[in-house]
Structure formats: structure tokens, C-alpha cells
Amino acid sequence: MGESNKKYAPDEQGYFGDFGGAFIPEMLHANVENIRQQYLDIIGDPSFKKEYDDLLKHYVGRPTPLYFAKRMSKEIGAQIYFKREDLCHTGAHKVNNTIGQILLAQRLNKKRIIAETGAGQHGVATATVCALMGLECIVYMGEVDIARQAPNVQRMKMLGATVRPALSGSRTLKDATNEAIRDWINNPTDTHYIIGSVVGPHPYPDMVARFQAVISEEMKWQMKEMTGNENPDYIVACVGGGSNAAGAFYHYLNDEDVKLVLVEAAGEGIHSGKSAATSILGSQGVIHGSMTLLMQDEYGQIVEPHSISAGLDYPGIGPLHAHLIKSGRAEVYAATDAQAIEAAYHLTKTEGIIPALETAHALAILKDMNLKEKDKVIVNLSGRGDKDLNTYMEYETKNISDE
Ligand SMILES: *Cc1c(COP(=O)(O)O)cnc(C)c1O
């Protein structure tokens with residue numbers, strides 16, 4: 001859990017510069033305020049810290065390795081390191097956050113957990129910790145996503161969660177989020193809402209970033225051990241809502257010599273109309289409870305995003321990242337669907353690691369960064385590719401028949 005650092009930490013109202021805050025319906029105010037008043041005390045308590053650290057070590061499998069990728073380094077012409085979040089239990093970084101929030105929920109005396117999920121990755125991470133703690137778990141998921149992501153729906157059910165379909169709107173992630181919020185309004189006393197990224201009303205973006213900060217906490221001592229210096233020249237991470245990036249950046253935010261690089265999903269091309277390049281195409285507005293950058297039309301209606309990777313298929317970006325981008329602290333790149341798939345195959349053949357499609361976006365831009373031989377670059381490998389095998393195989397079949 002990170003120490004807050006002034007320049008990039010939120011103020012009392014949860015603002016990172018111009019972005020953040022808590023834009024919520026009156027009926028949710030008490031729930032959110034209850035968490036806001038207690039979260040820092042709870043997660044700062046030594047007994048919380050001990051339980052959180054023990055679970056991360058013995059259950060999640062932390063610390064995850066920092067791996068020097070020799071063959072990839074030679075090809076790119078720079079020193080490339082991978083932070084292996086793909087080796088976490090459940091296959092991605094998301095569990096760092098759900099472990100933290102389930103321990104918080106217990107200390108708030110909550111008996112029932114709700115969550116929203118798009119592709120099902122956050123739903124699985126939430127159902128996992130609910131099984132671990134014996135708490136009731138309800139996951140809202142768009143009806144369209146339930147059909148597209150059958151294996152994750154089965155995982156959640158096997159873990160004992162109830163998966164409730166969201167039947168309104170486009171029947172995808174934003175509709176599932178609306179259903180979860182409705183549930184929370186109706187069950188204010190016994191229910192905790194586990195949000196899956198650094199989005200939502202204050203204090204969620206700050207709280208989730210603190211739970212993911214373990215990533216950069218480990219990177220610092222691992223880098224020191226491997227190179228004699230805890231700071232790399234660059235840290236690169238893909239960004240959907242921004243939780244893996246926030247975790248990888250957290251303890252480096254004030255080390256201005258470390259350049260921070262975010263990679264968004266350009267879908268079929270940034271200006272193709274089928275993209276999720278939120279910060280590049282987006283403008284300031286309110287989504288899911290916070291002021292941030294989002295894709296919207298001239299009337300302020302959310303524009304449906306598109307990405308081949310479900311985890312990056314989100315029309316907004318966390319307020320911390322909006323601030324990092326606007327202040328010039330972080331730089332943004334975008335990779336298309338095709339570039340991401342290419343990069344996934346490339347990593348697999350070069351290093352024997354099959355990455356998640358989300359992660360593959362971060363890998364895709366390395367060759368465009370104009371890196372120098374001596375540059376040390378840490379890429380956050382946010383997740384593994386098992387869940388994406390169908391997409392990868394479809395692509396291979398298509399390519400073979402094209403030849
Ligand atoms: C969910 C997910 C992401 C995107 O979410 P962030 O909050 O931006 O990290 C990235 N990679 C993987 C593997 C994911 O499952």
C-alpha cells in the first residue's frame with residue numbers, strides 16, 4: 001500500500017488536478033461517504049496490512065518476478081524487463097485489488113459483495129475472494145457479454161457467485177455498472193461494491209491505486225537488486241480504466257527521471273470510429289461518478305468504444321491518469337487490434353510467454369519509442385493469454401487461409 005505523494009495524490013474531495021471528485025446520486029452518498037471516512041484508517045492499520053501481505057504472499061503468489069527479457073532486448077535495442085503480473089493467482093493483476101477490498105468489506109461488517117464486470121476478469125477475481133472468505137457474491141454482467149465470455153461466466157458460477165444479466169441499453173459493461181449501482185442503492189447497509197479499476201467516485205480511484213501499488217513497491221527493490229538502481233528509464237503499461245498502470249507507476253510518480261508511458265487501444269484505427277483511445281479522442285466529462293476524460297458526442301452521450309481486448313474496451317480513463325496526461329507527466333501511445341495480436345504472437349515466440357490481449361497493446365509500441373541501447377524499460381505484463389486463446393487461434397486460421 002503506497003504512501004500518498006503530494007503532487008499526484010488526490011485532495012480532500014478526491015481531485016487529481018482537474019479530475020476526480022464524487023458525482024453520485026444523493027441515495028448513494030451515505031455508502032460512499034462511509035468508505036471515504038474509514039478507508040485510510042482501515043488500510044493503514046497494522047492488522048490489515050499483515051493480513052493483506054500474507055494473502056498476497058501465500059495465496060496470490062507475490063512477489064511476482066521481474067524478468068530481464070534477453071532476446072526481446074536484443075531485438076528492440078534496449079534493456080527490456082517484464083513485471084510478471086500474469087503469474088498472479090487468477091492470471092492478472094486484478095486480484096491485488098479484490099483481496100484488498102474484501103478485507104476492507106469485512107472490517108466494514110459487510111456480508112454481501114456486488115461487482116460489475118465486462119469480460120468477466122474482474123468478476124472472476126471478485127468471485128474468487130468471496131469464495132475465499134465465504135461471502136455472498138453477485139456479479140452484474142451485460143447480457144451480450146455473458147454470451148461472449150462463457151468460460152468466465154462458468155468460472156464465476158463454479159466459485160459460487162450469482163451472475164445477474166444486465167438487460168438494458170447496449171447490454172454491456174456500462175449497463176452492468178448501472179445495475180450494480182441500483183443494487184447498492186437498494187442494499188446500503190449490508191453490501192460492499194467492489195469496483196475493478198481506478199475509476200468511480202472518490203475514494204475508489206485512490207483506494208484501488210493503493211492496493212495495486214504493491215506492483216511498483218516490488219519493482220523498486222527488484223530493479224535495485226538486478227541493476228543497482230531502483231529506477232528504470234521508462235515504465236510502460238496498457239490502460240483500460242488504468243489500475244495496472246496506476247500500480248506500476250505509483251511509487252515512481254515523483255521520480256520525474258522515470259518516464260511513464262500509457263498505451264490505449266486504437267481498435268481498428270484511432271479515427272476509424274471503432275476505437276477505445278479514450279484520452280486521445282476524449283474530452284472532459286463525468287462518467288461513473290468522476291470527472292475525467294471520456295469519449296462522448298456533442299450532446300455528452302457516451303460513445304461506444306471498441307477494442308479487440310475486452311479489458312481495454314472502456315469509454316473513460318481513471319482521473320489520476322487524466323491528470324498525469326494533462327500535466328505532461330505521462331505520455332500516451334495507441335496500438336490497434338492487429339498490432340496487439342502481432343505483438344502477442346511475437347512475445348510468445350521470442351520469450352515463451354503468451355500475454356493477455358490487453359497486455360499485448362503495451363508490447364506493440366516498444367519499437368516505436370525510439371529507445372536507446374542503454375535505456376531500461378519495464379513493461380507491466382498485466383495478465384496471461386489463456387482467456388484469449390480463441391481470439392488468437394481465429395486470427396491464425398484467418399492468416400493461413402489468406403496466404
Ligand atoms: C482488466 C485488465 C486490464 C485493464 O484494466 P486496468 O484497470 O486498466 O488495468 C489490463 N490487462 C488485463 C490482463 C486485464 O485483465
Side-chain angles (χ1 to χ4, degrees), residues 57 60-89 91-93 96 212 214-239 244-245 247-252 255 257-263 309 330-331 333 335-336 338-389 392 395-396 399:
K57 181 172 178 190
V60 173
R62 304 204 71 92
T64 58
L66 183 69
Y67 165 69
F68 176 64
K70 210 167 166 183
R71 295 187 65 205
M72 188 74 131
S73 295
K74 205 162 171 189
E75 266 189 36
I76 300 281
Q79 310 299 306
I80 309 290
Y81 295 80
F82 293 137
K83 181 60 173 160
R84 299 290 310 273
E85 293 302 296
D86 59 316
L87 297 178
C88 289
H89 179 45
H93 65 289
N96 301 324
Q212 293 292 358
V214 65
I215 299 172
S216 48
E217 190 183 312
E218 289 172 5
M219 273 165 32
K220 283 216 152 179
W221 62 258
Q222 290 172 320
M223 224 25 211
K224 174 103 181 164
E225 228 171 67
M226 291 173 83
T227 70
N229 185 346
E230 57 184 31
N231 288 8
D233 297 291
Y234 295 89
I235 302 171
V236 182
C238 66
V239 57
N244 88 88
F249 294 173
Y250 199 91
H251 290 280
Y252 290 103
D255 298 342
D257 57 317
V258 180
K259 298 184 195 75
L260 308 176
V261 177
L262 292 164
V263 187
S309 74
E331 194 181 352
Y333 285 77
T336 63
Q339 288 168 332
I341 293 209
E342 208 66 65
Y345 270 88
H346 191 81
L347 179 71
T348 304
K349 294 199 167 127
T350 312
E351 295 288 346
I353 299 169
I354 303 178
L357 258 170
E358 291 82 2
T359 315
H361 288 74
L363 298 160
I365 61 102
L366 292 177
K367 58 183 187 328
D368 304 326
M369 285 176 62
N370 282 323
L371 295 167
K372 297 195 238 8
E373 193 77 41
K374 61 163 197 18
D375 284 339
K376 297 193 192 78
V377 182
I378 301 180
V379 181
N380 198 36
L381 274 203
S382 58
R384 60 177 175 247
D386 313 30
K387 69 183 178 60
D388 299 313
L389 279 185
Y392 290 146
Y395 171 83
E396 185 150 88
N399 258 26

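Every heavy atom of this structure was used, including side-chain atoms; hydrogens, water molecules and symmetry mates were not. Everything quoted here is computed from the prediction, not taken from an experiment.
- Panel note: side chain N229, backbone N231; a donor-acceptor pair is recorded below 3.5 Å.
- Contact of the V60 side chain with the N96 side chain is registered, since non-hydrogen atoms from C-beta on lie closer than 4.5 Å.
- Legend: salt bridge (charged side-chain N to carboxylate O under 4.0 Å, His left out) pairs involving residues 351-376, not counting sequence neighbours, sorted by first then second residue: E358-K387.
- Scanning for side chain to side chain contact (heavy atoms under 4.5 Å, CB included) contacts around N370 gives an empty result, with sequence neighbours left out.
- With a 4.5 Å cut-off on side-chain heavy atoms, L371 and V377 count as touching.
- In this structure, E217 and Y250 have side chains that are not in contact, with every pair of non-hydrogen atoms separated by 4.5 Å or more.
- When all heavy atoms of Y333 and V261 are compared, the closest pair comes out as CD1-CG1, 3.5 Å.
- Counting heavy atoms from C-beta outward, L357 and Y392 have side chains that approach closer than 4.5 Å.
- Put simply, NE2 on H251 and CH2 on W221 are 13.0 Å apart, with the number rounded to the nearest 0.5 Å.
- For residues 77-86, the salt bridge (charged side-chain N to carboxylate O under 4.0 Å, His left out) pairs, not counting sequence neighbours, are R62-E85, K83-E218, R84-D86.
- Panel note: side chain T227, backbone M223; a donor-acceptor pair is recorded below 3.5 Å.
- Between the side chain of N244 and the backbone N or O of H93, no donor-acceptor pair lies under 3.5 Å.
- Taking CG from D257 and OH from Y252, the interatomic distance works out to 10.0 Å, rounded to the nearest 0.5 Å.
- I235 contributes atom CD1, which lies 13.0 Å from atom OH of Y81 (distance to the nearest 0.5 angstrom).
- Checked by atom type, the side-chain pair Y234/E331 shows no donor-acceptor distance below 3.5 Å.
- With sequence neighbours excluded, no residue forms a side-chain hydrogen bond (donor to acceptor under 3.5 Å, both in side chains) with S73.
- Partners of A335 according to the side chain to side chain contact (heavy atoms under 4.5 Å, CB included) rule, which considers only residues two or more places apart in sequence or in another chain, are V263, Q339, H361, A364, I365.
- Residue pairs that meet the salt bridge (charged side-chain N to carboxylate O under 4.0 Å, His left out) test with at least one member in residues 228-237, sequence neighbours left out, are K220-E230.
- Residues forming a ring-ring contact (aromatic ring centres under 6.0 Å, His included) with F82 (at least two apart in sequence, or on another chain): none.
- Judged as a salt bridge (charged side-chain N to carboxylate O under 4.0 Å, His left out), and not counting sequence neighbours, the contacts of D386 are R384.
- Put simply, the side chain of Q222 does not reach to within 4.5 Å of the side chain of Y67, judged on heavy atoms.
- With hydrogens and angles disregarded, no donor-acceptor distance shorter than 3.5 Å links the side chain of T64 to the backbone of L87.
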inquiry  = Could you go through I353 and T348, starting from their C-alpha distance and side-chain angles, then the distance that decides it, and tell me whether this counts as side chain to side chain contact (heavy atoms under 4.5 Å, CB included)?
reply    = CA-CA 5 Å; I353 299 169; T348 304; over 6 Å; no
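- The nearest pair of heavy atoms linking L262 to A330 is CD1-CB, 4.1 Å.
- Note that the OG1 atom of T359 and the CG atom of N380 stand 8.0 Å from one another [nearest 0.5 Å].
- Taking the side chain to side chain contact (heavy atoms under 4.5 Å, CB included) definition, one finds that E75 meets it with H346, T350, sequence neighbours left out.
- Nearest heavy atoms, A362 versus V379: CB-CG1, 4.1 Å.
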request  = Begin from the C-alpha positions of M369 and I76 and carry the test side chain to side chain contact (heavy atoms under 4.5 Å, CB included) through to its verdict.
outcome  = CA-CA 10 Å; M369 285 176 62; I76 300 281; over 6 Å; no
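- Contacts of S309 classified as side-chain hydrogen bond (donor to acceptor under 3.5 Å, both in side chains), with partners at least two apart in sequence or in another chain: S307.
- For the atom pair CE of M72 and NZ of K349, the computed distance is 13.5 Å after rounding to the nearest 0.5 Å.
- A360 and A340 make their closest contact through CB-O, 3.2 Å (heavy atoms, listed as atom of the first residue, atom of the second, distance).
- For the atom pair CZ of R71 and CG of L347, the computed distance is 11.0 Å after rounding to the nearest 0.5 Å.
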